[in-house]
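Below, all heavy atoms of this structure are taken into account, side chains as well, without hydrogens, waters or symmetry copies.
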Amino acid sequence: MEILKVQNLCKTYGKGEVKVEALKHVSFSMEKGEFAAIIGESGSGKSTLLNCIGALDTPTSGNVSMDGQDLFSMQEEKRTIFRRRNIGFVFQSFQLVSELTVEQNIMFPLLLDYRKADPGELNEILEVLGLADRRYHLPGQLSGGQQQRVAIGRALITKPKLILADEPTGNLDKKNSQDVIDLLTQASRRYQQTILMITHNQNLTASVDRIMRVSDGILTDLGGMTNEKLS
Amino acid sequence: MKNYLDLIPVSAKIHRKQTRMTRLCIMISVFLISAIFGMADMFLMSQKQQAIQSDGAWHAAFKGLDEEKTALIKAWPEVKTASRYAVTNYRLDMDYKIDGTQTVLCGFDQEFFELYPAVHLIDGNFPRKANEALVSESVRERKNLMAGDTLEVTTPKGPLTFQITGFIEDTSDMLKNNAFGIFMNTEVYLSNFQDATLEKDFVCFVEFMPGCRIQNTLDHMKKQLGFSDDEVAENAKLLGVLMQSRDNYILTLYFVALILAVLVAFSGMLMILGSMNSSVARRTEFFGMMRCLGATGKQVRRFVRREALLWCKTAIPIGLAVSMVIIWILCNMLRHISPAYFGEMPGFGISWVGIISGIVIGLVTVLAASRTPAKKASKVSPLAAVSGNGNTVFAAKRAANTRLFHIETALGIHHAAGSKKNLFLMTVSFAFSIILFLSFSTGIDFMQHALTPFRPYTPDVSLVSKENLCDIPDSLFTDLKSNPAVRRIFGRSFAYDLPMQLHGEAKKAMLLSYEEYQFGWAIDDLRQGSMEAAQNGEGVLLVEKAGFSGEAGDEIEIETKLGPQKVKIAGILSYAPFDAGGETGTIICSENLFRKLTGENGYTILDIQLKDQSDSAVEEIRSLAGSSYNFSDQSNREVKAVYFSFALFVYGFMTVIALIAVFHIVNSVGMSVSARIHQYGAMRAIGISIRQLKFMVAAETFTYLICGLFVGLAAGLPLHYYLYGQIITSRWGDIWSMPISEFCIIAFVMMGSAVIAVIGPFRQICRMSVVETISTQ
């Protein structure tokens with residue numbers, strides 16, 4: 001079942017001599033439960049692509065549709081609500097709310113919808129993330145790896161159609177990085193969660209279903225690379 | 001670039017927009033302090049000049065003199081200038097005349113000119129020889145005299161002839177009464193008036209050295225030279241403006257002014273502190289980066305201090321310049337509105353008091369306020385700056401309460417209350433607007449009590465008995481009442497210093513009569529009893545003041561010329577526009593009862609309110625009244641001008657406080673939002689809507705506001721009560737009441753500001769690029 005469809009996506013910054021084409025006619029789609037990685041050099045346009053898919057940024061042209069709904073035909077308020085219900089984000093710098101506990105941070109997207117989390121589901125996520133004994137801690141009392149696990153929990157709690165992870169291991173050491181990738185893989189498998197991850201660490205793409213490369217704004221699909229290292 | 005401190009101007013240029021609000025806060029605080037202190041200084045300067053022009057530059061006057069005492073006074077180390085002075089025919093009711101015109105004869109020493117700058121020697125020399133004298137300018141004009149001519153004055157004891165040595169400008173009293181003046185030296189005066197003595201007729205006016213503690217010196221002089229309290233008079237007005245008065249009420253006013261000055265200085269300090277504290281986060285991050293690049297904690301502290309001083313370099317001079325311009329505008333307005341009262345105010349004067357207080361308070365506060373970010377910045381771990389988690393100031397110590405409130409409300413409240421120091425500073429600075437507003441509102445009460453040009457009972461013209469007797473006949477009342485120019489006429493009869501018994505205690509009282517209008521206007525001041533009973537002559541009204549309290553129904557005994565008479569108290573008034581002063585009580589009764597008690601049938605004062613206020617109408621009333629009574633048609637016009645000037649001060653200042661509150665709230669919220677903009681960006685990415693963010697900012701703002709309102713009310717009400725008691729109750733006896741309307745006005749202004757404050761950053765949030773915000777983390 002097709003969850004994400006990106007068609008002819010272009011993003012241009014500036015005009016005239018300073019014009020930069022960050023994305024050039026990018027098109028691809030993702031199936032439900034698929035775990036894909038986008039790799040590329042720094043400045044290649046991979047973050048721009050992720051931001052456009054997540055409706056954080058507006059493309060110059062092209063379409064992004066999720067479960068058949070065109071993101072950019074929606075009004076801003078509606079798009080925001082759509083985003084918090086259907087897209088989970090995991091950022092490099094965690095972006096946790098420092099005034100909320102681990103539990104509250106995980107529930108944050110639900111709280112914004114004035115909904116309560118199902119205690120069973122919340123406990124399960126906390127258990128899976130290894131944060132059960134830290135549920136009442138504030139982000140400032142956690143290590144970097146733990147903070148990123150909270151961010152993954154927050155992305156999972158709404159059972160979104162798509163999780164976008166932008167360099168989720170960028171601020172972590174090797175062990176924590178592997179833990180985070182394992183968690184994302186587990187989420188993909190256990191909850192049939194569609195995940196699109198950006199990384200420049202090719203070692204971390206070992207467990208993904210599919211790899212795409214962005215170079216100078218052009219996306220190339222490298223296909224399924226399970227258990228295969230990129231050369 | 002020689003060292004790292006040279007980075008400051010470069011950084012300031014780049015962060016100009018970010019530090020604009022802080023610089024604006026410093027500027028406004030300096031402006032506020034400098035303008036208020038400067039204006040107070042200008043006011044005191046003008047009042048000093050005014051007092052010197054109207055009452056003279058002397059500080060004290062001694063009576064009961066002899067040669068030895070006079071010599072000792074003149075030789076007293078603290079005495080700058082002293083002059084003896086005596087006058088004959090001051091009231092122009094004796095037989096001293098030049099060609100039939102009433103003439104005042106004065107004797108004084110040459111130093112008198114220094115003590116009375118209003119008395120100008122315009123031509124000639126001070127008389128030194130026997131029978132030499134100066135004469136007033138009007139005599140020269142009328143009789144075409146020159147220095148050296150002789151002039152004869154008729155006196156009850158025969159004519160006196162003087163040789164004229166010069167001319168003195170006519171004083172306003174002489175002009176008003178169409179009188180002449182002859183001025184001679186003390187010795188000539190004594191030789192011409194053989195029965196005049198230094199002890200009985202002369203006073204010695206004294207001006208003390210600048211910086212002298214006058215009251216202490218006077219005590220010392222009284223003790224050493226053997227003067228009794230009755231023999232020493234003070235120039236109350238001048239000593240009042242010189243802050244050398246011992247008058248309890250004036251001392252109270254000084255104290256109240258001091259409290260208000262401290263409040264103003266404090267509010268300025270709080271504004272700067274608050275604004276600098278709000279920008280701590282962004283700045284801490286930057287200084288953390290400096291630490292990361294190798295700057296020591298000491299270097300960071302020095303950098304922060306130097307940066308704060310750089311803000312002062314532009315903000316303080318601008319604040320001072322603006323305050324000076326505002327002072328000049330206000331001074332010129334006041335001179336224009338009330339030349340008689342503020343004519344001596346300098347149009348373009350410079351107040352060093354204002355300038356120095358502005359600089360000192362501005363500089364000290366900025367340096368004190370910069371210590372916090374400097375200390376915090378020097379403690380920031382370099383790791384915090386590079387880890388992308390540099391905004392450590394937001395690291396919360398406890399979690400927001402999401403059970404009681406929606407998430408956005410909970411976070412907003414937590415943003416306000418999360419840091420106790422921030423909440424304290426914001427609450428106190430919000431509260432200060434209320435405290436200042438309530439405190440200064442007592443100035444309105446003071447103005448309305450002290451100046452009464454718009455009270456319903458304020459007359460346009462008045463007819464007053466020359467001797468304060470009940471000698472204005474009823475017939476004149478009736479004649480004036482039928483004049484078409486008269487809208488309303490009401491009279492009062494007075495009996496002064498009547499012995500009375502109140503609850504068995506012997507006291508003195510002033511008895512006066514009211515008629516229906518005046519009873520009607522007094523109804524609001526009736527604390528107990530019945531106005532109707534007083535109006536019907538069933539009893540009297542007692543005006544409450546220290547030593548004169550009673551209950552309706554109590555009996556008092558008044559001794560008039562008809563003998564002791566017992567009357568019942570029909571009611572108690574908290575206030576009356578007439579006060580006998582000192583320890584004399586005020587009793588009010590109906591006209592009939594007054595006549596019955598005193599046997600007097602006339603009025604002491606007739607107050608007239610006019611339909612037609614033209615000069616011709618006033619002249620018609622004047623001619624109807626005749627010349628047997630004093631006629632006053634100036635006082636209310638003058639009081640109106642003073643009232644407008646005072647109102648300009650008080651309402652102007654209250655408006656400034658309100659505007660400062662608006663600015664402060666809008667600025668504080670704006671700064672708080674811009675300090676948290678990264679966090680808002682991250683929340684936007686996760687899915688918070690703009691509307692929810694708006695609620696979050698509103699929750700934060702209203703938390704400050706509610707805390708500020710509570711604290712402001714809790715501190716402002718007792719202060720208002722205290723100030724009101726000191727300047728109103730102690731003087732006029734009015735009982736304090738809750739300043740509800742004043743509180744509502746400032747609360748409404750603050751709430752309006754809070755709404756504006758939330759709408760402002762909303763635009764900034766809408767413009768915010770989520771991607772940029774995330775990527776700068």
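- Rounding to the nearest 0.5 angstrom, the gap separating the NE2 atom in B/His415 from the CD atom in A/Glu99 is 3.5 Å.
- Proximity to chain A at a heavy-atom threshold of 4.5 Å picks out B/Ala400, B/Thr402, B/His406, B/Ile407, B/Glu408 from residues 400-408 of chain B, in numerical order.
- Distance check: A/Arg84 CZ to B/Ser689 OG gives 5.5 Å after rounding to the nearest 0.5 Å.
- Of the listed residues (A/Asn51, A/Ile87, A/Leu96, A/Thr48), the one with the most heavy-atom contacts under 4.5 Å to chain B is A/Asn51.
- Contact check for B/Arg684 versus A/Arg83: side-chain heavy atoms found under the 4.5 Å cut-off.
- A/Phe35 pairs by the ring pair (Phe, Tyr, Trp, His ring centres under 6.0 Å) definition with nothing, not counting sequence neighbours.
- Within a 6.0 Å sphere centred on CZ of A/Phe72, heavy atoms belonging to other residues, nucleotides or ligands number more than 12.
- Shown here is A/Asp118, whose CG atom has more than 12 heavy atoms of other residues, nucleotides or ligands within 6.0 Å.
- In this structure, the side chains of B/Leu411 and A/Val97 come closer than 4.5 Å at one or more pairs of heavy atoms.
- Environment of CZ in B/Phe303: crowded, with over 12 heavy atoms of neighbouring residues, nucleotides or ligands closer than 6.0 Å.
- Shown here is A/Lys24, whose NZ atom has more than 12 heavy atoms of other residues, nucleotides or ligands within 6.0 Å.
- If you measure heavy-atom distances from A/Arg85 to chain B, you find no contacts under 4.5 Å at all.
- For chain B, no part of A/Gln92 is nearby; none of its heavy atoms comes within less than 4.5 Å.
- Closest approach of B/Gln679 and A/Ser98 over heavy atoms only: NE2-OG, 4.0 Å.
- Judged as a side chain to side chain contact (heavy atoms under 4.5 Å, CB included), and not counting sequence neighbours, the contacts of A/Gln146 are A/Leu131, A/Arg134, A/Leu142, A/Ser143, A/Arg149.
- Atom CD1 of residue B/Ile690 and atom OG1 of residue A/Thr80 lie 6.5 Å apart, to the nearest 0.5 angstrom.
- Atom CZ of B/Phe424 has 12 or fewer neighbouring heavy atoms from other residues, nucleotides or ligands inside a 6.0 Å radius.
- In this structure, B/Gln692 contributes its side chain and A/Leu112 its backbone to a donor-acceptor pair below 3.5 Å.
- In this structure, the side-chain hydrogen bond (donor to acceptor under 3.5 Å, both in side chains) partners of A/Glu124, at least two apart in sequence or on a different chain, are A/Arg190, A/Tyr191.
- Both the backbone and the side chain of A/Asp57 come within contact range of chain B, with heavy atoms under 4.5 Å apart.
- Residue contact with chain B, scored on non-hydrogen atoms closer than 4.5 Å, involves the side chain of A/Phe108 exclusively.
- The two residues A/Pro109 and B/Ile686 have their closest heavy-atom pair at CG-CG2, 4.2 Å.
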